Each structure stands twice: as structure tokens, then as C-alpha cells.
Amino acid sequence: MITTDFAPGSPCMLDLGAPDVGAAASFYGTVLGWEYEPMGEGAAEGEEMEGGMFKKDGKIVAGLGKLTEEGARSAWMIYYSVTDLDATTRTVERLGGTVRVAPMDIEQWGRMAQFSDPLGGQFAAWQPGTDQGVELVDAPGSLSWVELYTTDAAAAKQFYGEVFGWQFGEMDLPGGGGAYTLITPAGLPEERMHGGLMQLPAESLALAGGRPYWHPVFAVEDCDAAVAKVTGNGGTVQMGPEDAQGVGRLAVCLDPSNADFVVLAPEARA
């Protein structure tokens, strides 16, 4: 369960880099019921900034910005809460990761940096100021889980375990599909589990050219209805919808620009 108290090491925000901001806003508005709120006028340039925030029921659920990095694919970026961004950055570098965006202040709201793990999986960190992160999680139309597909689960656990202090648990996938690693923030009980990681061969990671990648899982009330909206609005489905025992009904989807995400109608909690 992801909660908005954002303990250190837990996912606290996410944003999408999209080649067409308007098209992305329309797609996710239809699929997840989000409202898009542009950032407005840029203070320095006097021009409208190509980006803004997604909201659900008046609460921020994600960010959206123009994809500007040369050669980059459209993708969701997951941010993890940290108490000392500079220390996190040093740890990333010491462990063989890469600093993609150096620590920087975002006015009074907080500090952010973006990284790649040693195998190329991209992620980000956020040291909160006045802004802790998104305002709605673990509810229909909001972030409920994060997931890493990686070519080396053991290396990923070693790296992220040291960077964020994560605790790991293992579960067997049905049908002999291998192991799935469950992630919980340091010092918190299992009910605060926020994500998982799974080892796959490089050929199964074609979206990122064989490199690992993170993606978000969004809760929905009806998985099949959400999938129909995905495919009816230019998106595609990589897997599902299918039932996962003890989890719910889910599907792995791509938006029209091939940014990946999962929709999950969770099983009712006891």
C-alpha cells in the first residue's frame, strides 16, 4: 500500500515525458478520469510552459511535461522520497549508477535529481520542501504500485537496497514463471509494501532497448473497461487483462506514444 506520508524510500511522485502534451492529457483524461492543469505562463520567457499537473477529484496524481531529451523514449518517471538528496546522489555514483540530472532546487517545493542504475534503469529522487509529493494514491485513478523490469534482479536488489534502504521479500510466480521480489520501505511492515521487481531477459525489454525500466501501476475500478478506453483511444495492450491471485485483475498497457503503465482493479481487502 502506498500512502501519502511518504516515508523515506517510498514513491512520492511521478511524471510523464510526452512528445505531445495535449494528446497525452486527452488520453489519460479519458482512461483514468484525470483533469489536466497547465502550469501557465513561464516567468522568464513569458511563454506557456509545456507541462502541468494531472488531478483526480481535485488532488494531484501526476505531472506531465514535454519530452525534450534527444533520443529519449516517452516514459513515466518514478520519484522516491529521500531526506538528503546529496547523500543519495553520492551513493548512486559510488555504486556505479549515473547522475542524469544533478540535484537542483525547485523553488521552495523541494529538490530533485534523476539517475540511472548500473544497468540503465532510470529513476528519480525527491527531497521535499513545502511539497511532499502527489496528493492522492492507492485509490481509483491514482498510483497504487511501482514495478521494475530488470535483466539482473540480484544486482538491482543490491543497488536499490543500498540507495534507499529497501527491504525485500520473495514470492513465486504462478506456472513456474520465476520469482517476484516485493519492496517495502526501510523499517516499515509488509502492509506498507509499495512495489516489486522482476527479472526478464533483455529481449523482453524491447521498449527500452533491452535496458531495465520502471513503470507505474494505476488503480482502476474496472480493468476491462479501462483497457477498452486504452485501445479505443490509440493505446495498445501488451498483456492481459488477466486475473492475478491475491492481487486483482490487471493489464500492461502502452499509451499512443508507447509509454508503459499497468491498470489494476485490486481484489477487495479483507
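As the structure is a prediction and not an experimental result, all values here were calculated from the model. All values below come from the heavy atoms of this structure, side chains included, with hydrogens, waters and symmetry mates left out.
- The number of heavy atoms from other shown groups lying within 6.0 Å of CD (E190) does not exceed 12.
- One distance of note links CD of E135 with CG of D57; it measures 11.5 Å at 0.5 Å rounding.
- Contact record, A265 with E221: CB-O, 3.9 Å, taken as the closest heavy-atom pair.
- Remark: side-chain polar atoms of E50 are not paired, donor with acceptor, to backbone N or O of K66 under 3.5 angstrom.
- The number of heavy-atom neighbours closer than 6.0 Å to CD of Q245, taken from other residues, nucleotides and ligands shown, is 12 or below.
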- Would you check, one step at a time, whether the test side-chain contact (heavy atoms from CB on, under 4.5 Å) holds for V99 with E93? CA-CA 7 Å; V99 179; E93 292 180 305; 3.6 Å; yes
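- A salt bridge between R111 and D86 is present, with a side-chain N of the basic residue lying under 4.0 Å from a carboxylate O of the acidic one.
- Summarising the local packing, CD of Q238 is surrounded by more than 12 heavy atoms from other residues, nucleotides or ligands at distances under 6.0 Å.
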- side-chain contact (heavy atoms from CB on, under 4.5 Å) assessment of D138 paired with T3: CA-CA 7 Å; D138 202 42; T3 66; over 6 Å; no
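- In terms of heavy-atom proximity, W214 sits nearest to G196 at CZ3-O, 4.3 Å.
- Taking the six-membered ring where the residue is Trp, F164 and Y80 present tilted rings, their angle falling between 30° and 60°.
- No donor-acceptor distance shorter than 3.5 angstrom exists from the side chain of E37 to the backbone of M53, with no hydrogens or angles considered.
- Between D224 and K229 there is no salt bridge, since no side-chain N of the basic residue sits under 4.0 Å from a carboxylate O of the acidic one.
- A ring-ring contact (aromatic ring centres under 6.0 Å, His included) check over residues 186-211, counting only residues at least two apart or in different chains, returns the pairs W166-H194.
- Counted by atom type alone, Q108 and T130 present zero donor-acceptor pairs between their side chains at under 3.5 Å.
- Nearest approach of S116 to Q122, heavy atoms of both residues: OG-CG, 3.6 Å.
- Counting heavy atoms from C-beta outward, L148 and P212 have side chains that approach closer than 4.5 Å.
- Counting only heavy atoms from C-beta outward, the side chains of M104 and M112 approach each other to under 4.5 Å.
- Relative ring orientation between W34 and F54 is described as tilted, the plane-to-plane angle lying within the 30° to 60° band.
- Interatomic distance, C12 SG to D5 CG, rounded to the nearest 0.5 Å: 11.5 Å.
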- Could you walk me through whether T184 and Q167 pass side chain to side chain donor-acceptor pair (under 3.5 Å), step by step? CA-CA 5 Å; T184 305; Q167 306 169 111; 5.0 Å; no
- Item | Chi angles and distances behind the side chain to side chain donor-acceptor pair (under 3.5 Å) call for D172, Y180 | CA-CA 6 Å; D172 292 328; Y180 188 85; over 6 Å; no
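- Contact of the F218 side chain with the L14 side chain is registered, since non-hydrogen atoms from C-beta on lie closer than 4.5 Å.
- At a threshold of 4.5 Å between non-hydrogen side-chain atoms, the residues V134 and V137 count as touching.
- Taking the six-membered ring where the residue is Trp, the centroids of Y160 and F168 are separated by 6.0 Å or more.
- Residues L136 and L143 form no side-chain contact, since every pair of their non-hydrogen atoms from C-beta on lies 4.5 Å or further apart.
- Under the 4.5 Å side-chain criterion, counting only non-hydrogen atoms from C-beta, W126 is in contact with D131.
- Nearest heavy-atom pair, A24 versus L64, reported as atom, atom and distance to 0.1 Å: CB-CD1, 3.9 Å.
- Nearest heavy atoms, G141 versus V61: O-CG1, 3.9 Å.
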- Item | side chain to side chain donor-acceptor pair (under 3.5 Å) between Q199 and Y149, worked out | CA-CA 6 Å; Q199 182 167 311; Y149 291 165; over 6 Å; no
Side-chain donor-acceptor pairs of residues 256-264 under 3.5 Å, sequence neighbours excluded:
unit_1: D260; atom_1: OD1; unit_2: R73; atom_2: NH1; d: 3.2
unit_1: D260; atom_1: OD1; unit_2: R73; atom_2: NH2; d: 3.2
unit_1: D260; atom_1: OD2; unit_2: H215; atom_2: ND1; d: 2.9

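- To the nearest 0.5 angstrom, T91 atom OG1 is 9.0 Å from D84 atom CG.
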- Derivation and outcome, side-chain contact (heavy atoms from CB on, under 4.5 Å), residues M171 and L182: CA-CA 8 Å; M171 63 176 283; L182 300 162; 4.1 Å; yes
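- Proximity of S10 to I2: side-chain heavy atoms (C-beta onward) are nowhere separated by under 4.5 Å.
- Separating the OG1 atom in T150 from the CG atom in L200 is a distance of 8.5 Å, to the nearest 0.5 Å.
- Note: M13 CE to S81 OG = 8.5 Å, rounded to the nearest 0.5 Å.
- Atoms CG and NZ, from L32 and K56 in turn, are 7.5 Å apart once rounded to the nearest 0.5 Å.
- Taking every heavy atom of both residues into account, A226 and V31 meet most closely at O-CG1, 4.2 Å.
- Here the side chains of P8 and T83 are in contact, with some heavy-atom distance below 4.5 Å.
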- Item | Derivation of the side-chain contact (heavy atoms from CB on, under 4.5 Å) call for L119 and D152 | CA-CA 8 Å; L119 294 173; D152 190 333; 3.6 Å; yes
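- Between E162 and K157, no side-chain nitrogen of the basic residue sits less than 4.0 Å from a carboxylate oxygen of the acidic one, so the salt-bridge criterion is not met.
- Two different hydrophobic clusters hold V82 and L188 under the rule that ILVMFWY side chains link at heavy-atom gaps under 4.5 Å.
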- Item | Intermediate values then yes/no, side chain to side chain donor-acceptor pair (under 3.5 Å), E35 and Y28 | CA-CA 8 Å; E35 297 177 358; Y28 288 97; over 6 Å; no
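- Under the side chain to side chain contact (heavy atoms under 4.5 Å, CB included) criterion, A72 pairs with L67, E69, not counting sequence neighbours.
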